Amino acid sequence: MTIDMKDIVALCKRRGFIFPASDIYGGLNGFWDYGPLGVELKNNLRDLWWKAMVVTPPIGPDGTPVQIVGLDSAIIQNPKAWVASGHVGGFSDPMVDCKETKKRYRADHIYVYILKRPDDKRDVLENIEEFFSEMPVYLGFVEGTEPEVIAKKYDKIYQKTFENFEKIDKPRQEKEYHPVELSKISSKFLSQIVGPDTKSPGTLTEPKEFNLMFDTYVGATQSEDSKAYLRPETAQGIFLNYKNVLDSSRVKMPFGIAQIGKAFRNEVNPRNFIFRSREFEQMEMEWFCHPEEVEKWRDFWFDERVKFWRAVGLASDNLQMRKHGDDELSHYAKEGLGTSDIEYKFPFTDPDFGELEGIAHRCDFDLTAHQEHSGQKLEYLDPARDNERYMPHVIEPAAGLTRGTLALICEAYTVDEARPSGVYLNFHPALAPKKAAILPLTAKEEHAAPATKLYLELREEFAVDLDIKQNIGKRYARQDEIGTPYCFTIDNDTLEDGTVTVRDRNTMAQERISMDKVAEYLREKMKANAGGLKAAA
RNA sequence: GCGGGUGUAGUUCAAUGGUAGAACGUCAGCCUUCCAAGCUGAAUAUGCCGGUUCGAUCCCGGUCACCCGCUCCA
């Protein structure tokens, strides 16, 4: 049975998991808001990650717990940080697309060759308008194209374009080609320009800025000097604080710094609900180690991270591991061990998979770059290795918190025609936004009063709901739809013998337990069902 | 960014160039001893802007958003 994403999106809105951002204004492409239940779910996943990384980090290969400390760095950093990281330089150039070949060029790499006779003394750039009115078509070439190739293509295109080519070309028998950068030519002439890899004019789009970082300005005045960026990844904040952490927290190589937070990318094309959005949340850990140990730690962290995703409920075949091909490696991972992804089969990627987490070997790219740009020494003096001085290498497990939340919802979404709601969310109890609902069988005081008492007791320890109104079936159904694993129902027997009914979300089975054992019951169920997770709380 | 599609209540759907309906959900009340029961009542919608028209939710244009396929994803 294939699950329709539309149904999931509808449920998310209907029950308060995820809303379109600025909904009442018609939304905003690439932005989503997390509703009352969505934020609980997301926080639960976030807290479990933090616990697995920072509070109780795993036991390392040598049998002792590894060292990881936390961090929460600013979203806006000195813009030089993004120059050093490579985010500013390589990706801020205006790009031109060819509609026909779908190729993409840097606008300053394409030259349009204007034809003129040697005796024509006009300056090409200053009289560009005249030149374009004299000849209907000029040709663009990528920087460095051989003159012979240019001449040949001109002959070919002109012969094809004009039946009376000879007549037109006659006065230009002696001609010169004058290259002009495409970015210097008004876009109104694009319809007269033939792209480098095509034969007909007008296929090139207007040059577009292609920097995926959001700009902002620090301070009251807006100028180039005050320009800054919203971070496109949380990782750099970790590298920027690497030295501070080392100097203040007594960690030794190898160790990790973990951070959870928002990141922003001005995606060309946000898609697929919250999967690719412009504002999203990352859970990243940078693991610093000696260059010789990267392989060991890469394998270690990959296993740990797979365990984590399985433990939070992605235990099915929908989870897959995949190594990046050389052609898709990031600038920082071109050397070294590359990147391996943990991927999830979302309904919208099915039968393919979408990235949930990447475990990358970032080499010493970032620290070296920041050392160069900042002038600060970032090498590590390792007393455990005879005071060897080296630049640590980094293994980075970088997970998407918002993507993970979406995967949890997709995985939990279970169609069941047999039950009144027709669907339920099969969340792991540790992840469920509500752990239990307290339901008096009727709204009468004799049921409502003990239910309220139980609710007040349980809410000290668990996220629980008290729901008194409407008939019991409706209330069960509502809890099914939001994925509450347990419902405790107070009825007449409760008054007699102090027991309540426990109703299990997945099986709909019921059993009676003593009311004063409910907290303990819940505690044990959470633990028993927690799989590889440590208790959630 | 390109091509295609879709926008009506919270959700899923009707209908119409002339007063926009339903189901479910929500809320209020009654009822109710375990799975959206029953009764009564209530609130809530034509994405936005413009054009054509006596009159537009419907026709046209633009825009925004969502979906599908490509592209992109440092």
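Computed from a predicted structure; not experimentally measured.
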Qualifying residues under salt bridge (Lys or Arg N to Asp or Glu O under 4.0 Å), relative to A:Arg15, sequence neighbours excluded: A:Glu481
Partner residues of A:Asn269 under the side chain to side chain contact (heavy atoms under 4.5 Å, CB included) criterion, sequence neighbours left out: A:Arg271
Below 4.0 Å: OP1/OP2 of B:rC68 and any side-chain N or O of A:Asn272: yes
C1' atoms of B:rU44 and B:rG25, separation to the nearest Å: 12 Å
Stem segments of RNA chain B by first residue number [Watson-Crick or G-U, under 3.5 Å, at least 3]: B:1-7 with B:64-70, B:10-13 with B:21-24, B:26-30 with B:38-42, B:47-51 with B:59-63
A:Thr489 versus A:Tyr476, side-chain donor and acceptor atoms under 3.5 Å: yes
Whole-angstrom distance between B:rG4 and B:rU19, as gauged at atom C1': 37 Å
side-chain contact (heavy atoms from CB on, under 4.5 Å) between A:Ile513 and A:Val500, worked out: CA-CA 6 Å; A:Ile513 64 166; A:Val500 298; 4.0 Å; yes
Where at least one partner belongs to residues 495-507 of chain A, residue pairs that pass salt bridge (charged side-chain N to carboxylate O under 4.0 Å, His left out), sequence neighbours excluded: A:Asp480-A:Arg503
Side chains of A:Gln236 and A:His87, donor plus acceptor under 3.5 Å: no
Base B:rC35 paired with A:Arg503 side chain (donor-acceptor, <3.5 Å): yes
Residues which pass side chain to side chain contact (heavy atoms under 4.5 Å, CB included) with A:Lys262, listed by chain and number, not counting sequence neighbours: A:Ile75, A:Phe264, A:Glu279, A:Glu281
Whole-Å P distance, B:rG41 and B:rC64: 45 Å
Along RNA chain B (nearest heavy atom to each residue), the more 5'-positioned of A:Arg475 and A:Pro270: A:Arg475
Pairwise C1' distance for B:rG18 and B:rA56, with rounding to whole Å: 10 Å
Hey, what are the protein-to-nucleotides 62-65 of chain B N/O distances that come in under 3.5 Å?
| from | atom 1 | to | atom 2 | distance (Å) |
| --- | --- | --- | --- | --- |
| B:rA65 | OP1 | A:Asn29 | N | 3.0 |
| B:rA65 | O4' | A:Gly26 | O | 3.2 |

In residues 436-450 of chain A, what donor-acceptor pairs under 3.5 Å come from side-chain atoms, sequence neighbours left out?
| from | atom 1 | to | atom 2 | distance (Å) |
| --- | --- | --- | --- | --- |
| A:Thr442 | OG1 | A:Lys444 | N | 3.2 |
| A:Thr442 | OG1 | A:His447 | ND1 | 2.8 |
| A:His447 | ND1 | A:Thr442 | N | 3.3 |
| A:His447 | NE2 | A:Asn492 | N | 3.4 |
| A:His447 | NE2 | A:Asn492 | OD1 | 2.9 |

Between the protein and nucleotides 5-14 of chain B, list every N/O to N/O distance that falls short of 3.5 Å.
| from | atom 1 | to | atom 2 | distance (Å) |
| --- | --- | --- | --- | --- |
| B:rU11 | OP1 | A:Lys13 | NZ | 3.2 |

Between B:rC70 and B:rG62 - P atom distance, rounded Å: 26 Å
Separation between the P atoms of B:rG51 and B:rC68, rounded to whole Å: 35 Å
Nucleotide nearest A:Arg15 (side chain, heavy atoms from C-beta), chosen from B:rU32, B:rA74, B:rG25: B:rG25
Distance between P atoms of B:rU16 and B:rG1 (Å, rounded): 36 Å
side-chain N/O A:Lys474 vs B:rA37 OP1/OP2, d < 4.0 Å: yes
Phosphate OP1/OP2 of B:rU26: any A:Arg478 side-chain N/O under 4.0 Å: yes
Base of B:rC72 paired with side chain of A:Asn269 (donor-acceptor, under 3.5 Å): no
Residue-phosphate contact under 4.0 Å: A:Gln479 side-chain N/O, B:rA36 OP1/OP2: no
A:Lys469 side chain, from C-beta outward: closest of B:rG29, B:rC34, B:rU26: B:rG29
Residue A:Tyr476, side-chain heavy atoms: nucleotide from B:rA74, B:rC35, B:rA36 that is nearest: B:rC35
B:rA36 base / A:Asn471 side chain donor-acceptor hit below 3.5 Å: no
Residue list, salt bridge (Lys or Arg N to Asp or Glu O under 4.0 Å) with A:Asp493, at least two apart or on another chain: A:Arg512
Evaluation steps, salt bridge (Lys or Arg N to Asp or Glu O under 4.0 Å), between A:Glu511 and A:Lys517: CA-CA 13 Å; A:Glu511 60 175 314; A:Lys517 292 270 165 52; over 6 Å; no
Partner residues of A:Tyr242 under the ring pair (Phe, Tyr, Trp, His ring centres under 6.0 Å) criterion, sequence neighbours left out: A:Phe288
Set of residues satisfying salt bridge (Lys or Arg N to Asp or Glu O under 4.0 Å) with respect to A:Lys474, sequence neighbours excluded: none
P-based separation of B:rC39 from B:rA22 [nearest Å]: 16 Å
Residue closer to the 5' end of RNA chain B, A:Leu441 versus A:Arg403 (nearest nucleotide): A:Leu441
Any residue meeting salt bridge (Lys or Arg N to Asp or Glu O under 4.0 Å) with A:Glu343, in chain and number order, not counting sequence neighbours: A:Arg322
